[in-house]
Number of protein chains: 2
Amino acid sequence: MSPKNIIIMSKCEQCIVREFSSLKALTKEELLKLSDCKTSHIIKKGEVIFEEGENVNGIFCIKDGICKLTKLSANGKDHIVKLVTKGELLGQRSMISDEPVNLSAVALEDMQVCFIPKSDVMGYFDKNNQFSMNVMKTICGDLKEADDHMVNLAQKTVKERLAETLLYLHDSFGKNEDESLRIQLSRDELASIIGTATESCIRLLSDFKKLGLIELSGKKIVLQDIAKLKKVAE
Amino acid sequence: MSPKNIIIMSKCEQCIVREFSSLKALTKEELLKLSDCKTSHIIKKGEVIFEEGENVNGIFCIKDGICKLTKLSANGKDHIVKLVTKGELLGQRSMISDEPVNLSAVALEDMQVCFIPKSDVMGYFDKNNQFSMNVMKTICGDLKEADDHMVNLAQKTVKERLAETLLYLHDSFGKNEDESLRIQLSRDELASIIGTATESCIRLLSDFKKLGLIELSGKKIVLQDIAKLKKVAE
DNA sequence: ATTAAAACATGACATTTATCATATTAAAGG
DNA sequence: CCTTTAATATGATAAATGTCATGTTTTAAT
């Protein structure tokens, strides 16, 4: 992330998304201090926030937008491990483990993020028990999600995984006025969430369309028959 | 776990495996108190320590033996998410999230485990910063492992996953005097680690044998050519 | 607006993997 | 020790998925 992306943004006390993250435990004094040590950034769609193996030395708080967390596999393909959105924090695991990040973060749409240096976060971490507890619970939630995801990848067919993922995108990120999924992924990205070849993903989307489960127009996807999709996902 | 399994065991201060878990951070006084609140248990091979959905209300410290952590998938098959052995703790995520456990734990061999009630652990957790930090780092490590595992399941072939798993079993659990893998899994269990049908797993083991990568005699598996196995795993 | 590049789509085919059937072997219980 | 059951093994086949080729559409850049 280049320094030119640093911009002036509102104070942390007035930031709404803070309420949705572990940071909600911070006191007014802590928030005032936080406003001083944070830097705010605009990240454009497609830009990299951090890359696998990098030393991030802090955490990011997402004020707006969505990004994907990816991991490079042995065969050279990226796998999307998780989607992260407004109100969530990035880089917590790496900070606690005191290790380089094990995933890359790439913006799926224009984003606003704030960066808080590790030294500052760790201060809150040591002194504010509720804050550290919140971070821990988030990581525990991630671990549970990862376990579920793992079992799905191991036991479900590509078709089931695609149906499930479409429902997940619908439930987690909502839809636009025209009923299409708010989050827009390329076929390639969708394939790398469900763990399949791009062509297989495209083919199954076409099948779903023919079966009346979804509507397709360009990148836009409308879930037409959610009940049936749920049946396909099992 | 039935109460009849409770047995008298040595004091925590003298317990060696404690040194390998987050509990190593506890002070002598804390360990003395721990000895009083813990209960010790013998678990026979195949017995269930806890089951998915159960309220465990504490953590288990494994003094001896190995168990599998499994999750039931939608199609009714168990998937082995993780193997846990001597020196590790069980049930930490559930305790911190304050939720039922999301995995079942089943002994793969006879085990000795100690149970520490949640109320006691949480006491150490609040007062001993190093202990809570250790627990957190363990969970962060689990999350990283889960991410890696996920990508492997999504991107690698069954053959690659089998080779990788055999190497993992070798590196993590060692071998017996006769060079065979110390940890003994049924073909069915091996299949449910790599996420495939039992028959496919058996077939690939036969292939590996024909290729001179491994030796098979009953449940015993000897890794004959580790270099080649690594190549197969990529 | 034009062109180049990227993304999407589909057919043909190869490969991988699952499923079903059926032996064979090993383990466990009376 | 015998008998029953479970685990292992293998063949035959079906189904799922990946790969390569190729054409179309969309997007982005000049």
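Numbered from 1 within each chain, the chains take letters A, B, ... in sequence-line order. Here the structure is a predicted model, which means the values were calculated and not measured.
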Participant: Find which nucleotide of DNA chain D each of A/G218 and A/T157 is nearest to by heavy atoms, and output the residue with the more 5' nucleotide.
Facilitator: A/T157
Participant: Please compare A/K159 and B/S186 by the position of their nearest nucleotide in DNA chain D and report the one closer to 5'.
Facilitator: B/S186
Participant: Rounded to whole Å, how long is the line connecting atom CZ of B/R161 with atom C1' of C/dT16?
Facilitator: 11 Å
Participant: Between the side chain of B/E88 and the main-chain N/O of B/T85, is any donor-acceptor distance below 3.5 Å?
Facilitator: yes
Participant: Do any of residues 197-217 of chain A sit with a heavy atom less than 4.0 Å from DNA chain C, and if so which?
Facilitator: A/E199, A/I202, A/R203, A/S206
Participant: Please give, in whole Å, the distance from D/dT17 C1' to B/L153 CG?
Facilitator: 16 Å
Participant: Without decimals, in angstroms, what is the distance between A/I221 CD1 and C/dA7 C1'?
Facilitator: 14 Å
Participant: Decide yes or no for A/F208 and A/L229: does some side-chain heavy atom of the first lie under 4.5 Å from some side-chain heavy atom of the second?
Facilitator: yes
Participant: Return yes if some donor-acceptor pair links the side-chain N/O of B/D110 with the main-chain N/O of B/K45 below 3.5 Å, else return no.
Facilitator: yes
Participant: What is the distance, to the nearest angstrom, from the NZ atom on A/K220 to the P atom on C/dA7?
Facilitator: 18 Å
Participant: What integer distance in Å separates B/R187:CZ from C/dA27:P?
Facilitator: 11 Å
Participant: Can you measure A/K219 atom NZ to D/dA28 atom C1' for me and round it to whole angstrom units?
Facilitator: 12 Å
Participant: Please give, in whole Å, the distance from C/dT15 P to A/N75 CG?
Facilitator: 18 Å
Participant: Rounded to the nearest Å, what distance is computed from the CD atom of residue B/Q155 to the C1' atom of nucleotide C/dT17?
Facilitator: 17 Å
Participant: Is any side-chain heavy atom of A/L103 closer than 4.5 Å to one of A/E52?
Facilitator: no
Participant: Drop me the distance from B/I59's CD1 to B/L90's CG, to the nearest 0.5 angstrom.
Facilitator: 9.0 Å
Participant: Would you say that A/V106 contacts A/C67 through its side chain, given a criterion of any heavy-atom pair below 4.5 Å between the two side chains?
Facilitator: no
